[in-house]
2 protein chains.
Amino acid sequence: MTKLQKETIYDIAQKAGASASTVSAALNGTWKKRRIAKVTAERIIAIAQEQGYSANLQARALRTSRSGLVALLIPEYNRFFSNIAQTFSAEVRARNQCPVIISTARDPEEERRTVSDLTAWNIDAIFFVGSVAPEDLSRHCTAAQVPHVFVDQPCAIAPSVVTDSRTGAHILTREIIASMRARDVPIGASPRDTIYFVGGDRLLPSTRNRVEGFSEALYAHLGRLDPDQIIAQTYDLDAATASISALYTRLGGLPRGLFINSDSVFEGALRFLATLPEAELTSCSFGVFDYEPYGQLLRFPVHMMRQRHKMLVHRAFALLDEASPPVIEMVQPELYPAPLR
Amino acid sequence: MTKLQKETIYDIAQKAGASASTVSAALNGTWKKRRIAKVTAERIIAIAQEQGYSANLQARALRTSRSGLVALLIPEYNRFFSNIAQTFSAEVRARNQCPVIISTARDPEEERRTVSDLTAWNIDAIFFVGSVAPEDLSRHCTAAQVPHVFVDQPCAIAPSVVTDSRTGAHILTREIIASMRARDVPIGASPRDTIYFVGGDRLLPSTRNRVEGFSEALYAHLGRLDPDQIIAQTYDLDAATASISALYTRLGGLPRGLFINSDSVFEGALRFLATLPEAELTSCSFGVFDYEPYGQLLRFPVHMMRQRHKMLVHRAFALLDEASPPVIEMVQPELYPAPLR
DNA sequence: TCAGGTTGCGCAATCGATGTTGCAAGAGAA
DNA sequence: TTCTCTTGCAACATCGATTGCGCAACCTGA
């Protein structure tokens, strides 16, 4: 069993008959540079091992002003962000640093506070995922000289890696159109015979780009587009339930196509959809901009656009490593078409 | 904009015409106790505010040997653990501390390393969720004098809060039985006309308890139970797919009842189930020991047992607060019966 | 034997915040 | 006026690891 009273390099030094600085050098691997005899270093290392010594990281961080901590800020713990977190953790571990993951609930104030906290911890780097106010956060980090990168939400003044939402939305929309045509829906014939875009926040670039990709694809097919077809105020789950329900009432039934922005919106929508008879559901072609394995197992066909979370994270690390200037790197999402039945 | 060079209490002291210790006292709120004049304290606080000062937390932690960090260790980021993480974060924030969430991939070695890391950071407390080797971890924490608590997986030598898996499994099993009877299944008539338990790790207490609850309920109804009906080696998703598939082959079809242990197993199972025609699915009554909103929207009825994650976390905090001795506190899960169709 | 080079290691300052101790100035009492 | 309190604040040691600097001891060649 290890000591109750925490050991310090001074304790080790005493036991090894050396000085604290020698111990420090030995344990750091800098002993060669500091011309410590190999035998001395090895003796010290052996003693430290057997005593179960581990350095006080605050002291080290205080001295070196590097904490060995790398943070990931996510809005919440949904499937997409959790996947990102998983990939991020593994990568940080592989670099012998410590991953710290914090959710900020899409609250700009909370984001700022968290960044302050983290810089007060001399954090080595911060990954922002889906932040609400990127530029503001970036300025904070720059002021505190903290390297940082944005994922899934671009920042004008910092390196960013984002999913190509516009192209993705375009492709997904075309898939929905194809699916409707396969069912002989007279696209555009009536307000119900078209596609509606639901969910997300139009003020955010990702939603904006998805709306653009959606609009382009639909316009290319139909030659027109009603602004009413786009209902994008929030990612909130309950709001999604309400939106779909309202749309249903307005149209007197489900539309023939639905473009659903994000998995939380999907989940919210399903709460309403679950109350409908199966026949109504199968009369609508669904496209979801996100991937949710359960989606493929529902009673109606759902096309999904999966964001490549591993790629996003890996590219983000690459940008950090090369101390990249502000650029926006695009990663293409993958289409998961609905299984044929 | 804040300074480029980080400010210290010494800088503030100079600007305020005071000493560092006075500044420290003023900013800590301990100025009253240290007999600093109110005006002085207010002047210092004002200056610190306007300079955007924030304390170097390593220095503070080094001095006080309290970091203000509270850690949560989870096996992975699935829905249940993510919910726990969310609740945990909020609670820690409310206490003005900093939540740190780390996933250890169910790897005991990784768990130990992480605990070492955390104690090296003078972590204030650790919450272990679903740990593989609780006693070992607990000893480590005790040695390092770190308060800790176990959630969802009991520890013999530390306070723990767990879901009452046994009672929950009993109730869920009865629900499956009721559902089978409603469909006029001749329970026990043939190997297919009964319930199979799939997934989880029998070496872990939670799975063991669920198996017990399941067995009791089934035995109470039938008066017998074949050990073959219990297939519980792992929580792994791919393994679950394989298990269900093998069971299907063995029985020449789906059984009439399935008790599915955890959402990851559910997801794995669905990969196979999705390949079956709808009629086969509706011939089986499903019970899942976990809650997954999508489950209520599948093409077949699924009964679910939801773990009360908020309650689990709140009780865990309570046990920590009262510096509880080793006890195991039970929290009842909630049944979410399949919606009627 | 001595200048000059190399090897091996310890001294002490430092990072920034905290808190104990002690000192000076003013208030009140004698 | 002198003595005792009280008030208000600064000096300084401290937490533990890191690192620039420098000092011995030893070696080598002249």
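The chains referred to below are lettered A, B, ... by the order of the sequence lines, with proteins before strands, and numbering in each begins at 1.
- No hydrogens or angles were tested; on distance alone, nothing pairs the side chain of B:Ser21 with the base of D:dC12 as donor and acceptor under 3.5 Å.
- Between B:Phe88 and B:Phe127, the ring-plane angle classifies as perpendicular under the 30° and 60° cut-offs.
- Within 4.0 Å (heavy atoms only), B:Arg60 reaches sugar-phosphate atoms of the nucleic acid but no base atom.
- A salt bridge does not link B:Glu50 to B:Lys15: none of the charged nitrogens lies less than 4.0 Å from a carboxylate oxygen.
- The distance between atom CG of A:Leu62 and atom P of C:dA13, rounded to the nearest whole Å, is 17 Å.
- Checking C:dC9, D:dT18, C:dA17 against the side-chain heavy atoms of A:Thr40 singles out C:dC9 as nearest.
- Proximity note for B:Ala55 (side chain, C-beta onward) versus C:dA17, C:dC9, D:dT7: the nearest is C:dA17.
- At whole-Å resolution of the value, CD1 in A:Ile9 and P in C:dC11 are 13 Å apart.
- Nucleic acid contact for B:Ala61: none, since no nucleic acid atom lies under 4.0 Å from a heavy atom of the residue.
- Look at B:Arg95 and B:Glu91 and you find a salt bridge, because one of the NZ, NE, NH1 or NH2 atoms lies within 4.0 Å of a carboxylate O, short of that distance.
- Out of D:dT18, C:dC9, D:dG16, the shortest distance to the side chain of A:Asn56 is found at D:dG16.
- Between B:Thr30 and B:Gln58, the one whose closest nucleotide on DNA chain C sits nearer the 5' end is B:Gln58.
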| task | Take B:His148 and B:Ser138 through the side-chain hydrogen bond (donor to acceptor under 3.5 Å, both in side chains) test and state the conclusion after the steps. | result | CA-CA 7 Å; B:His148 57 288; B:Ser138 178; 2.8 Å; yes
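- At the heavy-atom level, A:Ser65 lies nowhere under 4.0 Å from the strands shown.
- In this model, the phosphate group of D:dA10 is approached by a side-chain N or O of B:Thr22 to a distance below 4.0 Å at OP1 or OP2.
- Within 6.0 Å of CD on B:Gln14 lie no more than 12 heavy atoms contributed by other residues, nucleotides or ligands.
- Candidate nucleotides C:dC9, D:dT18, C:dA17 were compared by shortest atom distance to the side chain of B:Ala59, and C:dA17 ranks first.
- For C:dG16, its base never sits under 3.5 Å from the side chain of A:Arg63 at any donor and acceptor pair.
- Across D:dA10, D:dT18, C:dG16, the shortest atom-to-atom separation from the side chain of A:Tyr10 is found for D:dT18.
- Between A:Arg35 atom CZ and D:dA25 atom C1' there is a gap of 12 Å when expressed in whole angstrom units.
- Each of D:dG16, C:dC9, D:dC9 was ranked by its minimum atom distance to the side chain of B:Ala37; first place goes to D:dC9.
- Interface remark: the A:Arg34 side chain does not form any donor-acceptor pair with the D:dT18 base, using a distance-only criterion of under 3.5 Å.
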